[in-house]
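Have a look at the structure below before the remarks.
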Amino acid sequence: MTPTTSAPARSRTRNALIWMFGALGGILWGYDTGVISGAMLFIKQDIPLSPFQQGLVVSGLLVGAMAGAGASGRLADVWGRRRLILWAAVVFTAGTVGAMLATTAWMLVAFRFVIGIGVGIASVVVPLYLTELAPKQSRGGLTSLMQLLVTVGILVAYVTDYALADSGSWRWMLGLGAVPAVLLGIGIYFQPESPRWLVKHGRADQARAVLTRLRGSNAEEVEQELDEIQAADREKEAENAVGVRELLTPRLRRVVLLGLGLVFFQNFIGINTIIYYAPTLLTTLGFGTSGAILANVGIGVVNVLMTLPALRMIDRVGRKSLLAVGSIGMLVSMLVLGVANVVGASYGPLLVAITLGSILVYIASFAVSWGPVQWVMLPELFPLRMRGSAVGICLVFNWLFNMAVALVFPVLLDITGPGAMFLFFALMAVLSSWFVQRGLIETKGKSLEAIEQEVLGTPAPEPAVKQPA
């Protein structure tokens, strides 16, 4: 007699497949943002690029990501989460192949923009899809996990750059990003649609079938979860959504500024210059091409390893404490980098060692703090009625700030040299520390309702008074 697999085992397998393909979305996001750092050293040898054009090649992806993130919320509601992820995989693949075959700077910029649209969609819809399909007990650390997967994708990109450095095959560096994109598209095609989306569109029977597949054959548990989804959908329909104009009212302005402050400092504290331009920066300090890309792999390893403890510490140490410690670590490392490069008489071994060591300290400080904490705090800060629209606006500004730094950095590096740029980022670290201490509240261990009362300054509801019989 052939043994059969139990229903709980089958549901665990299905959940694992969903998480695996969701992981491909995060890894793909990280790969496409990180691979350009090493590829840029060799692209310049085939396609002449001015410092401004280098910035455009990098930031073209970020402009596309801003557009993709801005449109994905509405498209996810109309098309469905699964279908939009499938189209994102198609966009990823088309943009990657186009960038791989580009023969001019403007072709490269255009196809990087196309890839960016896929990145922007993935940054919004993949976490949303996984959150809506995950069991309750697995949902809490999802956002931090996505940040870890992005760092893994960046590390894979750096390793790929190093493996192909001797041949200078920048086209393959970019083109290999099509592999996870194709796998994501094939995998997501066979996955179910979000039961939340199905309920919202009046397809409760299909939602019940999806939940049964995911949770096993416990009909009572499935019906209970379906009832909760339907009740939440009715409550959401009954609410008045907060529009952009209302977000600017005095009562809501403070919380919106807190969210924008988080995404501003995460970008202007300098992390994107390291992710996108570390090999370019290191070659200006005396590293050879292969040595600079190998050092970049070390940066990627530290980025992944220091994100791991953040997943546990964020609910133990607290959000504000992690951000404060991270700002201090980044301030010290950027000060050392700035001073060493401003007063350094020559690009000798000592300056190279100080630079690489300080960059590793900087990456570790960011990975354990500002990297994951922003993605956890953004939805926590905003009240329920404004959460969707406010987080969407903050993510658009996140990609805008990211793009601004990536576009301007190579031009300023060419004009001022690395020392002045490092000192500027040190100043941003000081301001970020002030923002954390004076502006943010601690959200660890608090209910979303309690956070809403603290942020908006509304009084706590009076407890119900039991009437005498």
Side-chain angles (χ1 to χ4, degrees), residues 37 51-52 54-55 58-59 62 254 256-278 280-282 284-285 299 302-303 306 319-345 347 351-352 354-374 377-378 394 397-441:
S37 62
F52 179 68
Q54 292 178 47
V58 174
S59 61
L62 306 172
R254 175 175 178 255
V256 174
L257 290 176
L258 289 179
L260 291 176
L262 273 175
V263 299
F264 174 85
F265 284 112
Q266 198 211 41
N267 285 281
F268 279 90
I269 213 164
I271 183 61
N272 299 312
T273 62
I274 304 300
I275 297 297
Y276 303 140
Y277 296 112
T280 299
L281 182 63
L282 292 172
T284 67
L285 299 175
I299 291 171
V302 171
N303 195 17
M306 292 306 295
R319 283 65 154 156
K320 280 188 68 170
S321 298
L322 282 181
L323 291 176
V325 170
S327 291
I328 293 171
M330 289 185 284
L331 168 61
V332 172
S333 56
M334 282 296 170
L335 275 177
V336 171
L337 279 168
V339 172
N341 281 273
V342 168
V343 305
Y347 298 144
L351 179 59
V352 169
I354 291 174
T355 298
L356 184 56
S358 298
I359 288 176
L360 293 177
V361 171
Y362 172 87
I363 285 290
S365 301
F366 177 86
V368 80
S369 59
W370 284 86
V373 171
Q374 172 194 288
M377 285 198 79
L378 271 181
C394 287
F397 273 92
N398 178 72
W399 290 113
L400 176 63
F401 295 148
N402 194 328
M403 179 270 294
V405 173
L407 179 62
V408 172
F409 178 76
V411 178
L412 294 181
L413 181 65
D414 185 60
I415 296 172
T416 67
M421 295 301 300
F422 292 142
L423 292 177
F424 171 78
F425 294 134
L427 173 62
M428 288 293 104
V430 172
L431 294 177
S432 72
S433 181
W434 173 84
F435 168 75
V436 170
Q437 296 300 329
R438 299 296 299 272
L440 288 179
I441 65 169

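Atom CZ of F268 is separated from atom CG of L427 by 12.5 Å, given to the nearest 0.5 angstrom. Taken from CD1 in I275 to CG in N402, the straight-line distance is 10.0 Å, to the nearest 0.5 Å. With values rounded to the nearest 0.5 angstrom, M377 atom CE is found 10.5 Å from L322 atom CG. Atoms CG and CZ, on L262 and R319 in that order, are 12.0 Å from each other to the nearest 0.5 Å. T273 OG1 to N267 CG: the interatomic distance, rounded to the nearest 0.5 Å, is 10.5 Å. One finds the CD atom of Q437 at 5.5 Å from the NZ atom of K320 (value rounded to the nearest 0.5 Å).
In terms of heavy-atom proximity, P372 sits nearest to A367 at CD-O, 3.2 Å. Annotation for S369 and G326: closest pair OG-CA, 3.2 Å, computed over non-hydrogen atoms. Pairing each heavy atom of G329 with each of V361, the nearest pair is O-CG1, 4.3 Å. The shortest heavy-atom contact between C394 and G259 is SG-C, 3.7 Å.
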* To do: Under the side chain to side chain contact (heavy atoms under 4.5 Å, CB included) rule, what do V263 and W399 come out as? Steps first, then yes or no, please.
  => CA-CA 9 Å; V263 299; W399 290 113; over 6 Å; no
* To do: Starting from the C-alpha separation in whole Å, work towards a yes-or-no answer on side chain to side chain contact (heavy atoms under 4.5 Å, CB included) for I299 and I274.
  => CA-CA 9 Å; I299 291 171; I274 304 300; 4.2 Å; yes
* Could you walk me through whether Q266 and F366 pass the side chain to side chain contact (heavy atoms under 4.5 Å, CB included) check? -> CA-CA 9 Å; Q266 198 211 41; F366 177 86; 3.7 Å; yes
* **From CA spacing to verdict: side chain to side chain contact (heavy atoms under 4.5 Å, CB included), I269, L431** => CA-CA 9 Å; I269 213 164; L431 294 177; over 6 Å; no
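No side-chain donor-acceptor contact under 3.5 Å links S358 to the backbone of T355. In terms of modelled atom types and a separation under 3.5 Å, the side chain of Y362 and the main chain of I271 share a donor-acceptor contact.
Classification of the F401-F397 ring pair by plane angle, with boundaries at 30° and 60°, yields tilted.
S327 and W370 are linked by a side-chain donor-acceptor pair at a separation below 3.5 angstrom, with hydrogens and angles left out of the test.
F409 is not listed as a side-chain neighbour of N272, based on a closest heavy-atom distance of 4.5 Å or more. For the pair L331 and S433, the minimum side-chain heavy-atom distance is 4.5 Å or more.
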